[in-house]
Visitor: 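First the structure, which I've put down as structure tokens, then a few questions once you've had a look.
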Amino acid sequence: MNSLFPHLDLTHEMHELRNFVAAGAGMAFHADADGFCAAYLASLVAEEASSPMYQVFTENLDLVGLEEWVRGKHLKRLATFDINVLSAQSALGKLAASLSVGLRVYDDHKGLSAAQPANVETISLLPPDSDAIPEIRPASLFCFELLQQSAASGMQRELVDFVALAAAYGEGVASSFAKLLPRLPKGLNSLARAFGRGINAYYTDSSLQGDDMTLMRQMQRLSDSWLNDALDAHRDLCSHVGGSDVFTTITEAENVVSSLVENIARRAATEDPWFHTEEFPVYLVRVEASRRVVHLAASATRTKVDQGVVVSRQDTRGGVGIELRRARALHTPDLAALLLRLDPNWFISRGGHPMAAGATVKRGAEEAVLHGIERLLKASK
């Protein structure tokens with residue numbers, strides 16, 4: 001079988017993760033489709049071992065809250081999925097110090113290059129030669145490939161395939177990795193697309209969220225009800241998912257957020273670019289909304305203009321959110337490397353992929369960061 005992770009021994013990684021969780025590790029995941037589905041699939045990799053979970057939001061990269069949660073749960077071990085902890089080195093050090101055994105980081109982001117604490121192990125989901133497009137290797141699809149090692153079959157396999165495809169749609173890589181993803185019937189494929197986007201919408205609009213783990217509990221109830229009735233061979237996964245609490249919850253969020261994002265992207269795409277480089281236009285999207293939609297607005301605008309680079313900004317509780325996206329037809333510039341060339345004193349956190357990068361900027365440093373981005377984009381080749 002072809003793999004998104006040819007540089008890793010997946011059988012070994014499956015046993016390492018399973019043993020880590022079985023020994024009492026907690027799990028922390030990025031609050032979006034990739035992180036959420038990664039945590040759910042990782043719980044299946046761990047089989048019977050249960051694990052406390054914590055979700056980290058892009059808005060404030062709440063590693064302080066995560067550290068407090070680790071101490072409150074008296075955890076000795078922690079696995080993180082799709083959380084760019086490497087971009088917040090000071091917080092990473094404090095988090096690692098709170099764990100007497102260690103921290104396993106599963107991620108494909110480029111962060112700061114400073115030396116890591118001795119008890120931090122990074123499982124890089126990007127191959128060393130990741131200059132080829134596409135660069136993104138989602139944590140959810142890593143966990144999906146681990147599950148293939150355990151030969152999941154029957155009704156569990158059907159649901160797992162659905163979740164993996166939903167995560168790929170939510171992360172925007174379903175087309176890029178189509179040959180390596182499960183092939184589902186048309187109706188189920190459309191539902192997976194809606195499911196992935198709905199999860200992103202739910203985590204984008206905090207006004208729609210219940211308590212911290214509402215969505216994960218709903219997902220686990222969906223999974224249990226599907227697998228516990230395995231004797232009913234005539235059930236249909238489309239109707240089972242479509243009638244579930246989790247789908248009702250995320251559909252409500254998707255309706256609210258997609259309308260908002262569509263309006264922002266449409267307006268941005270009809271305005272003149274911020275500036276032109278020698279090779280492409282650069283669009284600046286100023287998101288004036290109470291919700292954390294800056295990354296969705298950047299992606300939606302990129303889809304509409306599909307020719308250059310989109311820079312999106314939005315005020316957040318922790319600072320100013322900046323997101324960069326480049327058209328899929330462009331092979332350069334490396335947006336994560338570009339952000340990392342700017343003065344670190346301007347940032348609370350930063351990192352990402354060559355095609356998509358983001359940062360939380362300290363208040364008062366926004367204009368310096370935007371000027372720096374403009375200067376580096378104009379100089380890029």
Side-chain angles (χ1 to χ4, degrees), residues 1-30 34-56 66 69-70 73-83 85 95-96 98-108 116 118-127 137-168 180-182 213 216-217 219-224 226-228 230:
M1 165 179 161
N2 291 329
S3 173
L4 290 173
F5 312 97
H7 60 300
L8 298 175
D9 181 340
L10 294 178
T11 301
H12 171 77
E13 295 296 342
M14 179 192 69
H15 291 301
E16 287 293 301
L17 176 58
R18 183 172 291 168
N19 293 338
F20 199 66
V21 174
M27 291 186 193
F29 62 93
H30 183 211
D34 182 29
F36 174 86
C37 292
Y40 168 73
L41 295 172
S43 71
L44 298 183
V45 172
E47 294 182 323
E48 298 302 318
S50 60
S51 178
M53 293 187 185
Y54 185 92
Q55 56 199 18
V56 176
L66 177 56
W69 178 79
V70 164
K73 293 287 185 181
H74 306 291
L75 296 176
K76 297 180 179 179
R77 301 169 174 82
L78 179 70
T80 69
F81 297 91
D82 191 36
I83 301 171
V85 295
L95 177 61
S98 69
L99 296 160
S100 58
V101 176
L103 171 66
R104 290 177 67 85
V105 178
Y106 296 91
D107 215 327
D108 63 347
Q116 297 171 16
N119 65 336
V120 174
E121 182 179 3
T122 301
I123 295 81
S124 177
L125 305 185
L126 279 173
R137 298 296 191 276
S140 51
L141 299 190
F142 169 74
C143 292
F144 170 68
E145 289 202 12
L146 294 190
L147 277 173
Q148 308 314 299
Q149 308 303 310
S150 61
S153 60
M155 302 194 81
Q156 183 185 25
R157 177 63 179 268
E158 189 174 6
L159 181 58
V160 165
D161 285 354
F162 172 83
V163 171
L165 191 56
L180 298 175
L181 290 171
M213 295 303 295
M216 186 60 75
R217 285 197 298 272
M219 186 65 207
Q220 289 169 339
R221 284 200 297 269
L222 166 67
S223 179
D224 290 344
W226 176 248
L227 298 178
N228 288 342

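We number each residue from 1, following the sequence as shown. Quick caveat: nothing in here was measured; it's all calculated off a predicted structure.
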Visitor: Can you give me the closest heavy-atom contact between Met216 and Ala39, atom names plus distance?
Guide: CE-CB, 3.9 Å
Visitor: Residues in ring pair (Phe, Tyr, Trp, His ring centres under 6.0 Å) with Phe142, at least two apart?
Guide: Phe5, Tyr106
Visitor: Once you round to the nearest 0.5 Å, how far does CG of Leu75 lie from CG of Leu99?
Guide: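 The CG atom of Leu75 sits 7.0 Å away from the CG atom of Leu99.
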Visitor: Less than 4.5 Å apart, any side-chain heavy atom of Phe144 and any of Asp161?
Guide: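 A side-chain contact under 4.5 Å exists here.
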Visitor: Quick one: pull up CG in Asn119 and CG in Leu78 and give me the separation to the nearest 0.5 Å.
Guide: 10.5 Å
Visitor: Please report the shortest heavy-atom distance between Arg137 and Leu126, naming the atom on each side.
Guide: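 Heavy-atom minimum between the residues: CG-CD2, 4.1 Å.
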Visitor: Which heavy atom of Ala42 sits nearest to which heavy atom of Phe81, and what is that distance?
Guide: CB-CZ, 3.7 Å
Visitor: Looking only at heavy atoms, which two atoms of Trp69 and Pro52 are closest? And how far apart?
Guide: CH2-O, 3.5 Å
Visitor: With heavy-atom distances below 4.5 Å as the criterion, would you say the side chains of Val45 and Val21 are in contact?
Guide: no
Visitor: So how far is it from His7 NE2 to Ile123 CD1, rounded to the nearest 0.5 Å?
Guide: 10.0 Å
Visitor: Using a 4.5 Å cut-off on heavy atoms from C-beta on, say whether the side chain of Glu145 contacts that of Leu8.
Guide: no
Visitor: Looking at SG of Cys143 and CD of Gln148, how far apart are the two atoms once the value is rounded to the nearest 0.5 Å?
Guide: 11.5 Å
Visitor: Do His15 and Thr11 have side chains that approach each other closer than 4.5 Å (heavy atoms only, starting at C-beta)?
Guide: yes
Visitor: Looking at His30 and Asp82, what are the two nearest heavy atoms and their distance?
Guide: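 Nearest pair, atom of His30 first, then Asp82: CB-O, 2.9 Å.
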Visitor: Would you check if Ser43 and Met53 make a side-chain contact, meaning some heavy-atom pair closer than 4.5 Å?
Guide: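 Result yes, sub-4.5 Å side-chain heavy-atom pair found.
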Visitor: Give, for atom CG of Leu17 and atom CG of Leu10, the distance between the pair rounded to the nearest 0.5 Å.
Guide: 11.5 Å
Visitor: Please evaluate residues Glu158 and Trp226 with respect to the criterion side-chain contact (heavy atoms from CB on, under 4.5 Å), reporting the C-alpha separation (whole Å), side-chain torsions for both, the decisive distance (0.1 Å), and the verdict.
Guide: CA-CA 10 Å; Glu158 189 174 6; Trp226 176 248; 3.5 Å; yes
Visitor: Report yes if the side chains of Asp107 and Thr122 come closer than 4.5 Å at any heavy-atom pair, otherwise no.
Guide: no
Visitor: What distance do Asp108 atom CG and Ser124 atom OG have between them, rounded to the nearest 0.5 Å?
Guide: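 These two atoms lie 8.0 Å from each other.
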Visitor: Between the main-chain N or O of Ala28 and the side-chain N or O of Thr80, is there a donor-acceptor pair closer than 3.5 Å?
Guide: no
Visitor: Who pairs with Phe20 by ring pair (Phe, Tyr, Trp, His ring centres under 6.0 Å), at least two apart in sequence or on another chain?
Guide: none
Visitor: Can you find a heavy atom in the side chain of Glu16 that is under 4.5 Å from one in the side chain of Arg104?
Guide: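 Yes, side chains in contact.
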Visitor: Can you see which heavy atom on Ala167 is nearest to which on Ser140, and at what distance?
Guide: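 Heavy atoms only, the tightest pair is CB-OG, 3.2 Å.
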